[in-house]
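Below is one structure; the comments refer to it alone.
Just so it is clear, the structure is predicted and the values come from calculations on it, not from any experiment. Each residue takes its place number in the sequence, starting with 1.
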Amino acid sequence: MPSIAPSPLPPLTRVVTGHNAQGQSTTLFVDSPPPEELVPGKNLPATISRFWLTKETPANNNDQKTDMGPIYPERHGRVQPNGSQTCVVDLPPGWRSVTHRTSSVDYIILISGTLTLFLDTNVTPKDAAKPEEAGITLTTPGSIVVQRGTLHTWENRSTTDWTRFVAVMVDAKDVQLDLVGDASAENVGPEGKGLILEEIWGTQHRT
């Protein structure tokens, strides 16, 4: 895999609001969540910055947090049962994830760069007469994908620019598919084969 320079994208700011003892709206804290490896222990350049996590629905706004500290969802480090996670992901040029799914509704909001989505019914780069036309590519900042528990793959197809997007992941019921009896679709592969955690969240760089 070729060497990739660190992300040139600017640091992120998190502003968290709440109430003071007088019941007035106020800022509880302002900080910058540190980027972490998107794939832990792999020493790969893609990063994730974790902004917020709720552990129940409806969420509890009565706590007075002064520091989130480590916030890791309980299901595969991505989905919080009965709650939600908000994070920001930075992908280097040429980065492509493996095909995966989660039992969640994900709101993917493009911030900068381009982001290509591949689904079962999309033409893949391998099969396309013109690989650059495969998939669905977001190019306009603010564009949104509503990802509803489907098998999918993300790719930054640029050879020069990083991609940044916001992901808000809300826990959802398992998708029920006729793949393996009545097994749920959580972590189920294209032929109904279960994917191990590393295969779900391991990612690769296109050389």
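For the residue pair Ser49 and Pro33, the shortest heavy atom distance occurs at OG-O, 3.9 Å. When all heavy atoms of Gly135 and Thr116 are compared, the closest pair comes out as CA-CG2, 4.1 Å. Of all heavy-atom pairs between Arg164 and Leu110, the closest is O-CD1, 3.8 Å. Gly149 approaches Val175 most closely through the heavy-atom pair O-CG2, 3.8 Å. Between His19 and Thr26, the closest heavy-atom pair is C-CG2, 3.8 Å. The two residues Leu91 and Ala46 have their closest heavy-atom pair at CD2-CB, 4.0 Å.
Note: the hydrophobic cluster containing Val30 does not contain Val88 (ILVMFWY, side chain heavy atoms under 4.5 Å, direct or indirect links). By the rule that hydrophobic residues join a cluster once side-chain heavy atoms approach within less than 4.5 Å of another member, Val146 and Val170 end up as members of one cluster. In this structure, Ile136 is not a member of the same hydrophobic cluster as Val105, with clusters built from ILVMFWY side-chain heavy atoms closer than 4.5 Å.
One finds the OG1 atom of Thr137 at 9.0 Å from the CG atom of Leu117 (value rounded to the nearest 0.5 Å). Residue Thr163 holds its OG1 atom at 9.5 Å from CD of Glu155, rounded to the nearest 0.5 Å. Summarising the geometry, atom OG1 belonging to Thr121 is positioned 11.0 Å from atom CG belonging to Leu151; distances are rounded to the nearest 0.5 Å. Of the inter-residue distances, the one linking Asn60 atom CG with Lys55 atom NZ reads 12.5 Å to the nearest 0.5 angstrom.
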Report task. Mind running side-chain contact (heavy atoms from CB on, under 4.5 Å) on Val89 and Trp95 for me, showing each step along the way? Result -> CA-CA 12 Å; Val89 176; Trp95 183 270; over 6 Å; no

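Residues Thr54 and Gln80 are not in side-chain contact: their nearest non-hydrogen atoms beyond the backbone lie 4.5 Å or more apart. Using a 4.5 Å heavy-atom threshold, the side chains of Leu115 and Ile108 count as touching. Looking only at side-chain heavy atoms (C-beta outward), Phe118 and Thr99 stay at 4.5 Å or farther from each other. Between Asp161 and Thr114, the closest side-chain pair of non-hydrogen atoms is not below 4.5 Å. Within the 4.5 Å cutoff, the side chain of Trp162 has heavy atoms near those of the Pro45 side chain. Using a 4.5 Å cut-off on side-chain heavy atoms (C-beta onward), Pro93 and Thr160 make no contact. Between Ile109 and Phe165 the shortest side-chain heavy-atom distance does not fall below 4.5 Å. No side-chain heavy atom of Glu56 sits under 4.5 Å from any side-chain heavy atom of Asn82.
Between the side chains of Thr153 and Ser97, no donor-acceptor pair is found at a separation under 3.5 Å.
Ser104 contributes no side-chain N or O that, together with a main-chain N or O of Asp106, makes up a donor-acceptor pair within less than 3.5 Å. The main-chain N or O of Thr47 is never found under 3.5 Å from a side-chain atom of Asp90 such that the two would form a donor-acceptor pair. Formation of a donor-acceptor pair under 3.5 Å by the His152 side chain with backbone atoms of His100 is found in this model. Judged by distance alone, with hydrogens and angles left aside, the side-chain atoms of Arg50 form no donor-acceptor pair with the main-chain N or O of Cys87 at under 3.5 Å. Between the side chain of Arg14 and the backbone N or O of Phe51 there is at least one donor-acceptor pair closer than 3.5 Å.
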